[in-house]
> 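First the structure, then my questions, so here it is.
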Amino acid sequence: FSTAVREGSMFKITKKESLAKNIKLFDVYAPNIAKKAKPGQFVIVRSDEKGERIPLTIADYDRVKGTITIIFQEIGRSTIDLGLFEEGQDLLDFVGPLGRPSELERFGKVVCIGGGVGIAPIYPITRALYKADNYITTILGAQNDKSLFWENKLREVSNEVFITTDDGSYGEKGRVTDILSNIITVSHVDKVVAIGPLAMMEAISDLTRPKNIDTIVSLNPIMLDGTGMCGACRVEVGNETKFACVDGPEFDGHLVDWQNAKQRALMFKKEEEIALNYACNCHGKGESNHV
Ligand code: FES
C-alpha cells in the first residue's frame, strides 16, 4: 500500500444521492486520493469506530473538487450503516487509492459490461478507454428499470449502449451475456471488460474463451477488508495463488478458477448471515456486500 494515502482526520461527504433502490452515491472530500486515483482502483472506507472496513471500487474522481465518488448497495450491516450518513457528515477513515489500475490502451473494439452495482466501477474504465480512442460497446444489466443507474453517463462515453433487465421492464429482457453472444457472433471484438456479480463474470469468460477474446474481470466482490492481511480474497488465477486486493482487483477472466472464487464468496455468505442475524437481534442491521 506504499502509494495509498490516509488523509488527515475526517472525510466530509460533500454529496449524497440515492441512485436506485438501496444504491447510494457519496462524493467524499479526499483531495490527495483524488489526485492519484485511477480507474480500476479502490478505497477502504470506515464510517466510525464501530464500523468495519469496506473496500469500494472508485466510481469517479474529481481532481479539481478533490472528491472521490463511491457507490454502494445497502444489503448488509456495514453498508446500511454507511448509508445512514448524510451530506455534510464526516467519515472516519478513507484510504486509497489501492489495487492495480486498469490497463487503458488503444485496443480497438472493446465491450464494457456492468452488472448491478458493477455499473459504477465500469464507468471510469469505459470513459478512459473511450478517450483512448477505442470503439466502445457498453452493455448494462440490472434487475429492473428501478435498479438501473448512470445510463446517460455511460452513453456519453460509448459508441453504442445495450441495456438488459431481468424482468424486461426496461431495455431487453434477458442477460448481458445474451447481447454479448450476439455481438461476438457477428463482429470482431478485441477486448471485454466486465464488472458485476461473480456468476455474470464467469458466464462472460466462458463465452469469450473459445474465441480467445481478452477478458478482464474485477474480483472486488470477494474482498473483505481490502488490507492484504485477512486472506479472504485469496483466489487461484492461472494455477497461481493471488489476492484480489493486492494483485488485482482485475484479472484475466479466462484464468480465474471460478469454482474457487465462488466457494470463497459462499464462505462469506455464511458469515454474513450470522452477522445479519446477530445484527438483526441487536440493531436490525446486517453484513455488507460491495463492488
Ligand atoms: Fe483481506 Fe484481500 S480482502 S486479504
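Just so you know, ligand 1 is whichever comes first in the structure, and atom 1 is the first atom listed for that ligand. We use all heavy atoms of the structure for the numbers below, so side chains are in, but hydrogens, waters and symmetry mates are not.
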> Need the ligand 1 atom indices (1-based, order shown) with element for anything under 4.0 Å from a heavy-atom of C245.
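Every atom of ligand 1 under 4.0 Å from some heavy atom of C245: 2 (Fe), 3 (S), 4 (S).
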> Would C233 count as a contact for atom 2 (Fe) of ligand 1, in the sense that one of its N, O or S atoms lies under 2.8 Å from it?
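Yes, since at least one N, O or S atom of C233 sits under 2.8 Å from atom 2 (Fe) of ligand 1.
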> Which of the numbered atoms in ligand 1 are under 4.0 angstrom from any heavy atom belonging to G231?
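Near G231, meaning under 4.0 Å from one of its heavy atoms, ligand 1 has 1 (Fe), 4 (S).
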> Of all the non-hydrogen atoms in the protein, which one sits nearest to atom 1 (Fe) of ligand 1, and at what distance?
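Atom 1 (Fe) of ligand 1 sits closest to the protein heavy atom C230 SG, 2.1 Å.
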> With heavy-atom distances below 4.0 Å as the criterion, list the atoms of ligand 1 near L224.
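Answer, ordered by atom number: 3 (S).
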> Strictly distance-based, threshold 3.5 Å: is any side-chain N or O of R106 a donor or acceptor partner for the main-chain N or O of D133?
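Yes, R106 side chain to D133 backbone: donor-acceptor pair under 3.5 Å.
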> Can you check whether Q73's main-chain N or O pairs, donor with acceptor, with T79's side chain at less than 3.5 Å?
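Checking the backbone N and O of Q73 against the side chain of T79, a donor-acceptor pair under 3.5 Å is found.
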> What's the atom name of the N, O or S in D225 nearest to atom 1 (Fe) of ligand 1?
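Of the nitrogen, oxygen and sulfur atoms in D225, atom 1 (Fe) of ligand 1 lies nearest to OD1.
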> Please work out whether any backbone atom (N, CA, C, O) or any side-chain heavy atom from C-beta onward of M229 is under 4.0 Å from ligand 1, and answer side chain, backbone, both or neither.
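Backbone only.
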> Measure from NZ or CZ of R127 to the centre of the six-membered ring of Y61, then state whether that distance is under 6.0 Å and the direction lies within 45° of the axis.
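Positive - R127 is close enough to the ring of Y61 and near enough to its axis.
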> Donor-acceptor pair, R63 side chain versus A34 backbone, under 3.5 Å?
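It does hold such a pair.
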> Quick check with a 6.0 Å cut-off and a 45 degree axis cone: is K16 positioned over the face of F26's six-membered ring?
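Output no; distance or angle outside limits.
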> Cationic tip of K153 within the cone over Y123's six-membered ring, i.e. under 6.0 Å and within 45° of the normal?
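The answer is yes; both the distance and angle limits are met.
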